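Shown next, in structure tokens, is the structure this report addresses.
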Amino acid sequence: MGKLDGKIAFITGGARGQGRSHALTFAREGAEIIVCDVAEQIPTAPYPLASTGDLTATARMVEDLGRRCLAVQSDVRDSDQMREVVERGISEFGHLDILVANAGIESFGKAWELTDEQWDEMVAVNLTGVWRSCRAVIPHMIERRAGVILMTSSIAGLKGLANQAHYCAAKHGVVGLMRSLAIELAPYGIRVNTVHPSSVDTPIIKNQAMYTLFSGGKPDATLEEVTPAFRDLNLLDVPWIEPQDISNAMLWLASDEARYITGVTLPVDAGLMAK
Ligand SMILES: NC(=O)c1ccc[n+]([C@@H]2O[C@H](COP(=O)([O-])OP(=O)(O)OC[C@H]3O[C@@H](n4cnc5c(N)ncnc54)[C@H](O)[C@@H]3O)[C@@H](O)[C@H]2O)c1
């Protein structure tokens, strides 16, 4: 028996990285999966976002586990697209139990040097996109008087970071959204929580722009050169954690084992916040 037998989960940004890991973890525990991903480049992200091939690959991997998967190329910045993917999912699977609002981007710059475009795209994806994803599923969850909403924030949603004021502002904003929704949705039996990873081994950190930032500006810095800097962030002796570590926390929060947990900010951070 799986922890999510009979459940339907919608995961945004599921073409790769943590979103794909959540999809596969939930599928292994019995859930049918709906994934969406923008699957094209967003101009201010200084690294490649996922492709349509990545999105199709996630769907195939879920199906290889014997579960159904609806994979749709859609953008969390677009309310109509969010409503459409949710409606398609509900008509295909019958209902929807879990949202993991995971889609996100990174970009860098001192707060006073960020462009309007960097700020606006960051907030549009990492904060407003989370709200748009929630708004698309909430009426259905209210009708069923059940549901779980999980949001991927970051340790950047709990503390400030140099060169990432817009990312931190968006990820802190997600916490305010979660806390308010937890209050508004508790009467309907819907739980809402945030998860706060430190560095996770995915393309959002494994890219040249990040290595350059971590090296203090060296354009050709290598992963090997910056690994000690990643390691120094954490209390535990690892430079980064695995997507599966975040999926394990998401699975627990999504399952009935966490049935009385709502309104919490859960760091999964190798001790970064405690350091
Ligand atoms: N990897 C880390 O170190 C780390 C740490 C803390 C928090 N996070 C957060 O975890 C989440 C998942 O990131 P990841 O580590 O898997 O990185 P990733 O880049 O591999 O995955 C993010 C996915 O979101 C998709 N996406 C981006 N904008 C989108 C949009 N507008 N609509 C739909 N999909 C969109 C991307 O195409 C990509 O597939 C993000 O919210 C990120 O901010 C990551």
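Both ligands and their constituent atoms are indexed starting at 1 by order of listing. Every value quoted in this text rests on a predicted model; they were computed, and no experiment measured them.
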List in chain and number order the residues that pass side chain to side chain donor-acceptor pair (under 3.5 Å) with E29, two or more places apart in sequence or in another chain; answer none if no residue qualifies. none
Put together the list of close N/O pairs, under 3.5 Å, between ligand 1 and the protein, could you?
| residue | atom | partner | partner atom | Å |
| --- | --- | --- | --- | --- |
| ligand 1 | 1 (N) | V200 | O | 3.2 |
| ligand 1 | 1 (N) | T202 | OG1 | 3.1 |
| ligand 1 | 3 (O) | V200 | N | 2.8 |
| ligand 1 | 10 (O) | Q18 | NE2 | 3.1 |
| ligand 1 | 15 (O) | Q18 | NE2 | 2.9 |
| ligand 1 | 15 (O) | T202 | OG1 | 2.6 |
| ligand 1 | 16 (O) | Q18 | N | 2.8 |
| ligand 1 | 17 (O) | T202 | OG1 | 3.3 |
| ligand 1 | 19 (O) | R16 | NH2 | 2.8 |
| ligand 1 | 20 (O) | R16 | NE | 2.9 |
| ligand 1 | 31 (N) | D75 | OD1 | 2.8 |
| ligand 1 | 32 (N) | V76 | N | 3.0 |
| ligand 1 | 34 (N) | V38 | N | 3.1 |
| ligand 1 | 37 (O) | D37 | OD1 | 2.6 |
| ligand 1 | 37 (O) | A50 | N | 3.2 |
| ligand 1 | 39 (O) | D37 | OD2 | 2.6 |
| ligand 1 | 41 (O) | N102 | O | 2.8 |
| ligand 1 | 41 (O) | K171 | NZ | 2.9 |
| ligand 1 | 43 (O) | Y167 | OH | 2.7 |
| ligand 1 | 43 (O) | K171 | NZ | 3.1 |

Sequence neighbours excluded - side-chain hydrogen bond (donor to acceptor under 3.5 Å, both in side chains) pairs with any residue from residues 183-201: S153-H196, T194-H196, D201-K206
Is any NZ, NE, NH1 or NH2 atom of the basic residue among E225 and K218 found under 4.0 Å from an Asp or Glu carboxylate oxygen of the other? yes
Would you mind checking if D37 and R16 are paired as a salt bridge, meaning a charged N to carboxylate O distance below 4.0 Å? no
Spell out, yes or no, whether L96 and V100 are grouped together once hydrophobic residues are joined by side-chain heavy atoms under 4.5 Å, including indirect joins. no
If the condition is ring pair (Phe, Tyr, Trp, His ring centres under 6.0 Å), which residues does Y211 pass it with, not counting sequence neighbours? none
